Amino acid sequence: MFLTRIGFGSKAVVTGDTTQVDLPRGHRSGLIEAQHVLADVRGIAITKFASVDVVRHPLVARIVECVRRAVGA
């Protein structure tokens, strides 16, 4: 895992969308696992965006909202 290679004074940003996991049933998402494992680690912040953060066409914001409701995110 590249996070174990972070040096002093370094910053790392991991991006992903947990509503877009397309792994076969029974396979776990590494991003979701990392969120759970690292949630309480001092120095790590997890930011989750909502449909109001979408700056594209308003239809895209409505689609994002529907997908998030469907997956319970």
Side-chain angles (χ1 to χ4, degrees):
M1 190 165 152
F2 87 93
L3 293 176
T4 62
R5 302 293 181 240
I6 297 172
F8 291 102
S10 298
K11 293 182 181 181
V13 177
V14 178
T15 62
D17 188 341
T18 57
T19 67
Q20 295 184 16
V21 174
D22 60 357
L23 296 171
R25 189 173 299 279
H27 288 78
R28 298 187 315 196
S29 161
L31 178 60
I32 293 172
E33 285 294 308
Q35 283 181 284
H36 290 293
V37 170
L38 303 174
D40 297 324
V41 175
R42 187 170 43 95
I44 292 181
I46 297 173
T47 301
K48 295 183 180 182
F49 295 104
S51 56
V52 297
D53 299 308
V54 175
V55 293
R56 297 183 199 113
H57 191 280
L59 178 60
V60 175
R62 292 194 299 272
I63 291 169
V64 169
E65 185 59 35
C66 288
V67 169
R68 290 188 195 277
R69 278 196 309 267
V71 299

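Keep in mind the model is a prediction, meaning the values are calculated, not measured.
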My understanding is that only residues two or more places apart in sequence, or in another chain, count here; which of them pass side chain to side chain donor-acceptor pair (under 3.5 Å) with E65?
S51

Closest non-hydrogen contact found for R56 with V60 is NH1-CG1, 3.8 Å

What residues form a side chain to side chain contact (heavy atoms under 4.5 Å, CB included) with D22, not counting sequence neighbours?
none

Enumerate donor-acceptor pairs with a distance under 3.5 Å from any side-chain N or O in residues 36-50 to protein atoms, sequence neighbours excluded.
none

Pair up each side-chain donor or acceptor in residues 24-33 with any protein partner under 3.5 Å, not counting sequence neighbours, and list the distances.
| residue | atom | partner | partner atom | Å |
| --- | --- | --- | --- | --- |
| H27 | ND1 | P24 | O | 3.4 |
| S29 | OG | L31 | N | 3.3 |
| S29 | OG | I32 | N | 3.2 |

So which residues get pulled into F8's cluster when ILVMFWY side chains under 4.5 Å apart are joined, directly or through others?
none

